[in-house]
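Below is one structure, written out as structure tokens; the observations come after it.
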Amino acid sequence: MMRTRPLKVALLGCGVVGSEVTRIMTTHADDLTQRIGAPVELVGIAVRRPDRVREGVPQELITTDATALVKRGDIDVVIEVIGGIEPARSLITTAFEHGASVVSANKALLAQDGAALHAAAERHGVDLYYEAAVAGAIPLVRPLRESLAGDRVNRVLGIVNGTTNFILDKMDSSGAGYSEALDEATALGYAEADPTADVEGFDAAAKAAILAGIAFHTRVRLDDVHREGMTEVTAADFASAKQMGCTIKLLAICERAADGRSVSARVHPAMIPLTHPLASVREAYNAVFIEADAAGQLMFYGPGAGGAPTASAVLGDLVAVCRNKVAEATGPGESAYTRLPVSAMGEVVTRYHISLDVADKPGVLAQVATVFAEHGVSIDTVRQQGKDGEASLVVVTHRASDAALSSTVEALRKLDTVRDVASIMRVEGE
């Protein structure tokens, strides 16, 4: 039976995503009503700049008093797309206190304070949904939280930032340097005027924290995620990758330890074989590869950002939350029962690609191999090129801990025959 009283929705933020949310709610109102089982009414939109022209957004809904909007008491769902920590955190908790469920796209806030927000939602008997916070239109949160709830997820490996993938793809396909590729990404609107959050891995790290927490049923905060940016990746790195049959991607990697007693979460550039599905992800697209005991290997692919794709994820959550409101129920909340510790990066085991500038004379390779052996790092392959007294030595290791590799590199730098450790990059996706 169709409920006649409309569910009232408040929107916090009306930029690119918020405007798309408003448009879809308006143009698809009848369909949303049928899917939910009740009409949905947008009753207020909180913005900072009320005089800004927003095509298709009813001016009578605009307000600058976001706090008053979420305190109305008759709001069923608050959609938060303003981003940042404050005032978003205060507005969300206030919405909970006044009986409203929340749909958010705020990855930074969820990565930092997700546990506290989940606890507040549970305390007030409301929902907190955030599909749009991780990978735009790509469904990841719900499959991990619901579809794979009966399985054991062991690894989540993905490209979760379109800006960085666009830049690295251009460097790979055209031979461009980092600065040149960044300029093109900026000109096309893929990179912000200040691209730090993207290129230094902060955006991907927040998403990794959220994904790891859901996948492994434990609490992972942003501070737990090891983060390295991609600004030091060079054309020479791509040349080395191609010689190995690889390309380079900025990856978010969440893993359960082999003994199941800990997890890890990290973001960094890595070489991956061209045969791996993630190697073919081009331009500004995102993709996430999930490995689970029973389901095996799953891949989720699509646009990871942008107004319409992100709005699609927001509206999907809105429908789910509104259905719960009609049924007078709530959906799944935080699942952190495993309480697994998060390993430090030094304990994480992976393969490495190391480029060394060395003296071109007999015995150098033996010296280098001895250092690796003394620090318990096994060598997989070695490639050497020499000319005019100088040489380059490329070493690819078997799996080793980050701590062991770090001590190895420190020892290599002390060798008289090693002029420079030119680059170090992890190798993933075996």
Side-chain angles (χ1 to χ4, degrees), residues 12 70 77-135 140-146 148-149 152-153 156 160 197 201-227 252-257 260-267 288 313-314 317 320-321 324 329-345:
L12 307 181
V70 299
V77 183
V78 171
I79 299 174
E80 183 271 309
V81 289
I82 56 178
I85 306 302
E86 288 291 355
R89 175 170 49 197
S90 296
L91 292 169
I92 289 173
T93 54
T94 300
F96 291 155
E97 291 165 1
H98 287 78
S101 292
V102 172
V103 172
S104 177
N106 196 330
K107 53 187 170 288
L109 178 58
L110 289 159
Q112 178 173 305
D113 292 324
L117 292 175
H118 274 294
E122 183 177 1
R123 189 163 58 249
H124 295 286
V126 293
D127 281 322
L128 172 63
Y129 277 49
Y130 44 89
E131 184 69 70
V134 176
L140 279 175
V141 172
R142 195 169 290 115
L144 281 170
R145 192 160 66 170
E146 300 178 25
L148 295 172
R152 176 186 169 100
V153 175
V156 180
V160 294
F202 290 100
D203 175 86
K207 295 171 180 177
I210 296 169
L211 288 171
I214 300 170
F216 306 133
H217 303 277
T218 196
R219 287 179 179 169
V220 180
R221 299 181 74 252
L222 181 58
D223 292 344
D224 296 320
V225 181
H226 174 82
R227 176 195 55 80
I253 305 166
C254 312
E255 293 180 309
R256 188 191 301 270
R261 296 179 181 176
S262 64
V263 299
S264 63
R266 50 198 164 99
V267 168
V288 176
V314 169
D317 278 350
V321 168
N324 292 341
T330 55
E334 182 189 34
S335 175
Y337 72 92
T338 63
R339 295 182 176 86
L340 294 172
V342 181
S343 298
M345 189 61 195

Show your working on side chain to side chain contact (heavy atoms under 4.5 Å, CB included) between V288 and V160 and close with a plain yes or no. CA-CA 7 Å; V288 176; V160 294; 3.8 Å; yes
Check step by step if side chain to side chain contact (heavy atoms under 4.5 Å, CB included) holds for V156 and I214. CA-CA 11 Å; V156 180; I214 300 170; over 6 Å; no
Under the criterion side chain to side chain contact (heavy atoms under 4.5 Å, CB included), I'd like the reasoning laid out for I85 against Q112: C-alpha separation, chi angles, the key distance, then a yes or no. CA-CA 9 Å; I85 306 302; Q112 178 173 305; 4.0 Å; yes
Go through the steps for L117 and T93 under the test side chain to side chain contact (heavy atoms under 4.5 Å, CB included), then give the verdict. CA-CA 7 Å; L117 292 175; T93 54; 3.9 Å; yes
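Here the side chain of N106 pairs a donor or acceptor atom with the backbone of G84 at under 3.5 angstrom.
Sequence neighbours left out, the pairs with a member in residues 94-111 that pass salt bridge (charged side-chain N to carboxylate O under 4.0 Å, His left out) are K107-D203. The salt bridge (charged side-chain N to carboxylate O under 4.0 Å, His left out) analysis of residues 112-121, with sequence neighbours excluded, yields the pairs R89-D113. Here salt bridge (charged side-chain N to carboxylate O under 4.0 Å, His left out) pairs that include residues 124-135, with residues two or more places apart or in two chains, number zero.
Across V220 and G213, no two heavy atoms sit closer than the pair CG2-N, 4.0 Å. The two residues V153 and L148 make their nearest non-hydrogen contact at CG2-CD1, 4.2 Å. Nearest heavy-atom pair, S104 versus I92, reported as atom, atom and distance to 0.1 Å: OG-CD1, 4.4 Å. Smallest separation of non-hydrogen atoms from A88 and G83: CB-O, 4.0 Å. Across all non-hydrogen atoms, the minimal contact from A205 to V225 is O-CG2, 3.7 Å. The minimum heavy-atom distance linking A208 with A252 is given by the pair CB-CB, 4.0 Å.
Side-chain contact between S101 and T330 is absent, with no heavy-atom pair separated by less than 4.5 Å. At a threshold of 4.5 Å between non-hydrogen side-chain atoms, the residues V141 and D317 do not count as touching. The closest side-chain heavy-atom distance from K207 to L140 is not below 4.5 Å. Using a 4.5 Å heavy-atom threshold, the side chains of R227 and R266 count as separate. Under the 4.5 Å side-chain criterion, counting only non-hydrogen atoms from C-beta, L110 is in contact with L128. Using a 4.5 Å cut-off on side-chain heavy atoms (C-beta onward), V263 and T218 make contact.
Residues that satisfy the side chain to side chain contact (heavy atoms under 4.5 Å, CB included) test with H217, not counting sequence neighbours, are S335, Y337, T338. Qualifying ring pair (Phe, Tyr, Trp, His ring centres under 6.0 Å) partners for Y130, counting only residues two or more places apart in sequence or in other chains: H118. Applying the side-chain hydrogen bond (donor to acceptor under 3.5 Å, both in side chains) criterion to R152, with sequence neighbours excluded, gives N154.
V78 pairs with exactly one of V102, T94, L91 by the side-chain contact (heavy atoms from CB on, under 4.5 Å) rule, that one being V102.
Note: R256 CZ to S264 OG = 11.0 Å, rounded to the nearest 0.5 Å. Expressed to the nearest 0.5 Å, how far CZ of R219 lies from CG of L340 amounts to 13.0 Å. Rounding to the nearest 0.5 Å places CD1 of I253 at 12.5 Å from CG of L211. Atoms CD1 and OH, from I79 and Y129 in turn, are 14.0 Å apart once rounded to the nearest 0.5 Å. Atoms CG and SG, from D224 and C254 in turn, are 11.5 Å apart once rounded to the nearest 0.5 Å.
In the displayed structure, E122 atom CD is contacted under 6.0 Å by at most 12 heavy atoms of other residues, nucleotides or ligands.
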